[in-house]
2 protein chains.
Amino acid sequence: MKKIIPTETRKQEIFATSAKLFKEKGYSAVTMRDLAQTLGIKAASLYNHIHSKQEILSHIILSIAEEFTEGMTQILNSKESSIQKLKKIIILHVEITSNNSNGMASLNNDWMHLEEKQDYYLELRLNYEDNFRSIIKQGIASNELKAVDPDVTLFSILSTLRSLYLWIPKKEEINKDVLAGNLGEVLLDGINK
Amino acid sequence: MKKIIPTETRKQEIFATSAKLFKEKGYSAVTMRDLAQTLGIKAASLYNHIHSKQEILSHIILSIAEEFTEGMTQILNSKESSIQKLKKIIILHVEITSNNSNGMASLNNDWMHLEEKQDYYLELRLNYEDNFRSIIKQGIASNELKAVDPDVTLFSILSTLRSLYLWIPKKEEINKDVLAGNLGEVLLDGINK
DNA sequence: GTCTATAAATCGATAGAC
DNA sequence: GTCTATCGATTTATAGAC
């Protein structure tokens, strides 16, 4: 009796496996044969589930980007201190990265290989950074944060949060809340005694 | 009269142009024809100066990696406080990244496409991280630094420093010393008032 | 839903003229 | 030192049998 996998499940499996391979070698270096072989099928069979390699990349990156956009919107609408908003942003990154660390690699490193959807992705990213920066500026204005160059602060925190995908998979034993807490300490309070 | 470019100069030009293209699209997505066209010659002509595409990547990444190794050795040998050593590491990253931000992109994102030299690169990187971590641990032991998880601290600072290549090219008006100073404030003292 | 076979384009690299 | 021409391998994607 032949094992039949429903298309929708197979499609999710293709996205997940692709993200894993894209993280290891990057979008351009992963061939449809690599992907098929990892899934235990032939390359041609992939096209019964997806239309193109580009569609895979598009789905991986944009689904995460929209998740970040949604999270940022909720944080902006919450009536809390700037420090609390920054902590919520840290939690947002830990949460999304924990659930999809492979996809985060594509979002960080392979967005430039997006074709039709690249402009849309860049728009989401720019808006996200603008909102992030506005929270930092608000924190400085309300005297919660030190008056360091907001761009340096944004760059520093965001660089760390964007690199979480490299680090979280190696720290599986650690609790997400503990990690977010430690990151909040280091990123907000510093390490100098 | 024909313009003749000495091979050694041309070779440096090939390395520099490759690093620029590798930063934009990644090693795998840049073809020898892309590279040649940017240089205004034909692809076949490249092979009068270099032996393979792999040789280009190898040179770009390993020359920088060895620069970091050398810098770290000097910092380790300096008899200073842990805080001062950390500040020197920040300066080292700002310095190297300012001089070669395109190459830093390859070092960060394309090291997995190294072939013969990959093990050597990974050895240099691992040693660098071990030395970095030992400075942090020493700082905690001597009561200079807060007793946060050393791995979280290492990850956070190193993520920011490794991302400098994305940011420095956009901030050309800024002085390197000012940038290193601001980064030291944010990374070491935090932003919370 | 998966397969074999193959199309059409592109890849890194080489040979040899100038 | 650069060129034209080309090789052999590999790429994404399609057609059609089962």
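Protein chains get the first letters and strands the later ones, always in sequence-line order, with residue 1 at the start of each.
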If you only use heavy atoms from C-beta on, which nucleotide in D:dT11, C:dT4, C:dC11 is closest to the side chain of A:Ala44? C:dT4
Rounding to a whole Å, what distance do you find between [X]:[atom1] and [N]:[atom2]?
X: B:Gln54; N: C:dG12; atom1: CD; atom2: C1'; value: 12 Å
X: B:Arg33; N: C:dT10; atom1: CZ; atom2: C1'; value: 7 Å
X: B:Tyr47; N: C:dA13; atom1: OH; atom2: P; value: 4 Å
X: B:Leu35; N: C:dT10; atom1: CG; atom2: P; value: 18 Å
X: A:Leu46; N: C:dT4; atom1: CG; atom2: P; value: 14 Å
X: B:Ile41; N: D:dT4; atom1: CD1; atom2: P; value: 12 Å
X: B:Glu55; N: C:dG12; atom1: CD; atom2: C1'; value: 14 Å
X: B:Lys11; N: D:dG1; atom1: NZ; atom2: C1'; value: 15 Å

Quickly, which of A:Asn182, A:Leu187, A:Ile157, A:Ile191 forms a side-chain contact (heavy atoms from CB on, under 4.5 Å) with B:Ser156? Name it, please. A:Leu187
Looking at every strand, decide which applies to B:Arg10 at a 4.0 Å heavy-atom threshold: base, sugar-phosphate, or nothing. sugar-phosphate
Taking only N and O in the side chain of A:Ser45, is any of them less than 4.0 Å away from OP1 or OP2 of C:dG1? no
OP1, OP2 of C:dC3 versus side-chain N and O of A:Lys42: anything below 4.0 Å? no
Before you tell me yes or no, could you show the steps for A:Arg162 and A:Glu129 under salt bridge (charged side-chain N to carboxylate O under 4.0 Å, His left out), namely the whole-Å CA-CA distance, both residues' side-chain angles and the distance that decides it to 0.1 Å? CA-CA 12 Å; A:Arg162 281 180 172 153; A:Glu129 292 175 359; 2.7 Å; yes
Between A:Asp34 and A:Lys25, is there a salt bridge with N-O shorter than 4.0 Å? yes
Can we say B:Lys87 and B:Glu80 salt-bridge, meaning some charged N sits less than 4.0 Å from an Asp/Glu carboxylate O? no
